[in-house]
Amino acid sequence: MARLAVLGGFLFRHRDVLPVPLAIAVALSSRIRGGRRVAGALLVLTGLAIRLWAVLYIGGESRSRGEGPAFRTIGGPYAYFRHPLYLANAVLSEGLVLFSGAGKRWLPFVFPVLAFLFYAPIVAWEQGGVPRRGIPVRANRFGVRTALRSERRTYQSVFAFLVVSVVSSFVRNNLRRNR
């Protein structure tokens with residue numbers, strides 16, 4: 001378990017950059033089509049909604065690189081899920097994969113496994129750094145403006161992924177027609 005937590009600490013500190021090569025590969029190999037596009041868009045919106053709901057309660061702490069929380073959040077989605085931001089990221093990522101149509105039929109089934117393999121060590125690392133007692137509990141809600149500002153990079157990343165996916169799919173379709 002100690003090795004898993006060490007890996008989790010590394011993944012946590014680099015969680016913004018490690019998925020980027022995979023996201024670029026998925027976006028560049030997109031083949032956007034019918035039903036998967038609609039299902040993907042619905043999952044993307046669901047993931048973004050869960051993230052916003054969670055950030056309304058955790059605030060800017062969701063962007064910290066610290067070694068552990070200063071408080072334990074128990075309001076909003078934290079009353080139902082221990083790690084709603086990771087759940088939201090998994091749903092959001094699955095939606096982006098479905099929307100892009102990359103990987104034919106197998107990638108949407110592999111991606112949840114990849115998300116689990118990415119987040120399980122981070123959760124192990126976080127749980128090792130959270131004391132069982134003595135940490136203050138917080139259930140208050142931040143303002144929507146604060147949450148939206150905190151999520152700005154998430155929205156920019158999702159938008160960039162969608163643009164690259166659409167352009168890549170458009171170029172692939174036109175190249176195929178011109179052959």
Side-chain angles (χ1 to χ4, degrees), residues 1 4-5 7-20 22-23 26 36-100 108-162:
M1 192 65 146
L4 188 64
L7 173 62
F10 173 81
L11 293 174
F12 179 82
R13 284 185 297 281
H14 303 289
R15 69 189 184 275
D16 288 344
V17 295
L18 288 175
V20 170
L22 180 60
V26 168
R36 286 177 71 174
R37 177 184 59 216
V38 173
L42 290 174
L43 284 176
V44 166
L45 292 173
T46 301
L48 289 173
I50 295 169
R51 277 195 63 86
L52 182 61
W53 186 30
V55 172
L56 281 169
Y57 287 87
I58 196 170
E61 295 292 318
S62 67
R63 296 286 178 196
S64 87
R65 297 273 181 244
E67 290 296 318
F71 56 88
R72 189 166 53 101
T73 304
I74 61 169
Y78 291 90
Y80 307 102
F81 305 103
R82 183 170 256 173
H83 300 283
L85 285 170
Y86 299 152
L87 170 67
N89 290 345
V91 170
L92 177 60
S93 298
E94 181 69 11
L96 292 171
V97 167
L98 276 172
F99 180 86
S100 75
F109 296 105
V110 171
F111 222 78
V113 174
L114 293 175
F116 175 79
L117 292 174
F118 186 78
Y119 288 117
I122 293 174
V123 168
W125 172 77
E126 285 181 342
Q127 293 307 114
V130 176
R132 296 283 180 222
R133 292 188 203 121
I135 188 168
V137 174
R138 184 170 80 181
N140 64 315
R141 185 175 184 266
F142 291 89
V144 173
R145 180 176 281 160
T146 301
L148 289 172
R149 191 173 21 248
S150 176
E151 285 297 282
R152 184 177 56 239
R153 283 193 342 208
T154 300
Y155 301 135
Q156 290 168 343
S157 299
V158 169
F159 182 74
F161 179 92
L162 294 173

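- Contact between Tyr57 and Trp53 at its shortest, heavy atoms only, is CD1-O, 3.3 Å.
- Note: His83 and Tyr86 have parallel aromatic rings, judged against thresholds of 30 and 60 degrees for the angle between ring planes.
- The distance from the OG1 atom of Thr46 to the CG atom of Leu87 is 10.5 Å, given to the nearest 0.5 Å.
- In this structure, Arg15 forms a cation-pi arrangement with Phe12, its terminal cationic atom sitting closer than 6.0 Å to the ring centre and no more than 45° off the ring axis.
- Atoms OG1 and CG, on Thr154 and Leu85 in that order, are 8.5 Å from each other to the nearest 0.5 Å.
- Contact record, Ile58 with Tyr78: CD1-OH, 3.5 Å, taken as the closest heavy-atom pair.
- The closest side-chain heavy-atom distance from Ser100 to Phe161 is below 4.5 Å.
- Heavy atoms only, all atoms of each residue included: Pro19 and Phe118 are closest at CG-CZ, 4.3 Å.
- To the nearest 0.5 Å, atoms CG (Leu43) and CZ (Arg36) are separated by 12.0 Å.
- A pairwise comparison of heavy atoms in Leu98 and Ala39 identifies CD1-CB, 4.4 Å as the closest pair.
- Closest heavy-atom contact between Leu56 and Ala147: CD2-CB, 3.7 Å.
- At distances below 3.5 Å, not a single donor-acceptor pair connects side-chain atoms of Arg51 with backbone N or O atoms of Gly47.
- A donor-acceptor pair under 3.5 Å is absent between the side-chain atoms of Ser93 and the main chain of Ala90, judged by distance alone.
- The minimum heavy-atom distance between Leu4 and Ala124, with the atom names listed, is CD2-CB, 3.9 Å.
- Proximity of a side-chain donor or acceptor of Ser150 to a complementary backbone N or O of Thr146 within less than 3.5 Å is not detected.
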